[in-house]
*Asks:* 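This is the structure I want to talk about, given as structure tokens.
To find a chain, count down the sequence lines: A is the first, B the second, and so on, and within it residues start at 1. This is a predicted model, so every value here is computed, not measured.
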Amino acid sequence: MAMTMHVDIVSAEKSIFSGTAEVVVAPALMGEVGIHPRHTQMLTPLKPGEVRITKQGGEEEAIYVSGGIMEVQPHVITILSDTAVRAHDLDEAAAQEAKLRAEQALTDRSGEIDLAEAQSQLAEAVAQLQAIQRLRKKTNR
Amino acid sequence: MAGSKEIRTKIKSIKNTQKITRAMEMVAASKMRKAQERMSASRPYAEKIRNVIRHLAFAHPEYKHPYLQDRAEVKRVGYIVISSDRGLCGGLNNNMFKLALQSMKEWQGKGVQIDFCTIGQKAAVFFKRLKGNMRASTMHLGDAPSVTDIIGSVKVMLDAYDNGEIDRLFLVHNEFVNTMTQAPRVHQLLPVAADEDDKDLKYHWDYIYEPDAKTVLDGLLVRYMESLVYQGVVDNAACEQSARMVAMKSASDNAGNIIGELQLAYNKARQAAITQEISEIVSGAAAV
């Protein structure tokens with residue numbers, strides 16, 4: 001019987017695959033790599049592509065990953081799959097957007113944030129008014 | 001019968017309010033179940049990536065990543081604060097803000113300046129009023145937050161750390177203990193604090209890095225940060241729903257109590273009116 005190793009493929013939002021395998025072929029950044037059991041420890045980013053797993057008994061399964069990171073230990077392979085397609089430009093754009101939102105939140109005088117703030121200020125004012133009225137009643141008596 | 005009509009309309013309006021709170025309670029209960037599932041679904045990734053990071057701490061790579069090195073001098077710290085988008089969830093957000101402020105005050109006491117990144121609308125509103133330096137903001141994640149939504153905000157803070165604009169990064173969020181209990185927590189994200197409780201991997205070894213250590217570690221640590229923040233977001237979502245469920249349940253119960261009291265007052269008023277009428281009739285008859 002062929003030797004096997006444990007394979008886990010997980011993404012941040014869910015677990016995709018977990019089981020034993022004889023061979024794993026993954027799209028590493030420098031080119032496709034085939035990993036057999038008792039491979040030395042390795043850490044490599046993955047390109048978007050197909051991970052082919054030959055399960056115990058010879059059955060093959062292919063799983064698409066949109067990039068990620070693969071850790072190889074002699075008997076355990078962990079693939080941390082990305083949920084989104086990552087590229088430097090895309091990340092940069094997302095960061096810019098987040099910055100913009102922060103600036104908007106600080107300057108925007110309309111929209112929902114303002115409404116929430118106005119509500120809290122209104123609640124404060126109402127509480128103050130009530131206190132004043134209570135005081136007046138007391139002094140009138 | 002002067003007060004009885006007013007009491008009746010009051011009872012009716014409170015009953016309507018009770019209907020709303022009860023509906024919100026049930027919606028929150030079903031959403032909570034889904035949020036909890038999402039929380040447990042995200043756990044394997046977080047565990048696996050933490051394992052890899054722990055292995056790295058023992059692997060003695062020749063390249064020391066800045067995220068793993070402590071900076072001696074701290075001039076500015078960053079906080080990522082995760083809150084809910086909507087209110088009506090008890091003291092959930094306020095308790096967390098209190099803890100965040102406490103932790104910030106400690107730093108300010110040492111003359112350290114503070115930057116924020118907010119995730120969730122409540123945090124954005126709260127820290128806007130504080131007039132702090134808000135670097136990034138994400139809102140309206142909805143009931144099913146995804147990693148894509150937070151990548152931008154996390155990157156802003158990581159870039160600030162890379163450029164030396166902040167020397168430490170903290171994450172503030174609510175941790176889901178159980179349905180009744182949510183605990184606000186402050187975690188240090190950067191620099192990564194290595195825990196040394198594993199003794200079984202003590203021998204000297206290192207990974208093969210493809211293509212090189214820097215590329216691999218950069219990618220890995222950025223993902224680790226994102227995974228931690230995402231976990232915080234998912235945790236916080238579960239907290240929000242369970243806190244809302246509990247708050248709405250107690251609101252429904254309170255409405256029930258008030259209705260009971262008002263019903264009693266209404267019955268008394270009605271009885272008094274009837275008694276009065278009878279005594280009027282009787283005295284009228286006696287006079288004839």
*Asks:* Write down the atom of Val10(A), the atom of Pro44(B), and the distance for their closest heavy-atom approach.
*Replies:* CG1-CB, 3.8 Å
*Asks:* Drop me the distance from Arg101(A)'s CZ to Ser153(B)'s OG, to the nearest 0.5 angstrom.
*Replies:* 5.5 Å
*Asks:* Select one option (side chain, backbone, both, neither) describing which atoms of Leu29(A) are under 4.5 Å from chain B's heavy atoms.
*Replies:* side chain
*Asks:* What part of Ser81(A) is in contact with chain B, defined as an atom under 4.5 angstrom from a non-hydrogen atom: side chain, backbone, both or neither?
*Replies:* backbone
*Asks:* Carefully, step by step, assess Tyr207(B) and Gln73(A) under the rule side-chain hydrogen bond (donor to acceptor under 3.5 Å, both in side chains).
*Replies:* CA-CA 9 Å; Tyr207(B) 285 110; Gln73(A) 292 278 347; 3.2 Å; yes
*Asks:* Under 4.5 Å heavy-atom distance to chain A, tell me which part of Ser146(B) shows up: side chain, backbone, both or neither.
*Replies:* both
*Asks:* Measure Glu71(A) against the heavy atoms of chain B and call it side chain, backbone, both or neither at under 4.5 Å.
*Replies:* side chain
*Asks:* How close do Met42(A) and Glu210(B) get, counting heavy atoms only, and between which atoms?
*Replies:* SD-CG, 4.2 Å
*Asks:* Where does Ala28(A) contact chain B at under 4.5 Å (heavy atoms): side chain, backbone, both or neither?
*Replies:* neither
*Asks:* Roughly how far, to the nearest 0.5 Å, is the OH atom of Tyr209(B) from the OG1 atom of Thr44(A)?
*Replies:* 12.0 Å
*Asks:* So Thr40(A) and Ile208(B), do their side chains get closer than 4.5 Å, heavy atoms only?
*Replies:* yes
*Asks:* Using non-hydrogen atoms only, which part of Thr78(A) is less than 4.5 Å away from chain B: side chain, backbone, both, or neither?
*Replies:* side chain
*Asks:* So, the side chain of Glu13(A) versus the backbone of Val147(B): is there a donor-acceptor pair under 3.5 Å, distance only?
*Replies:* yes
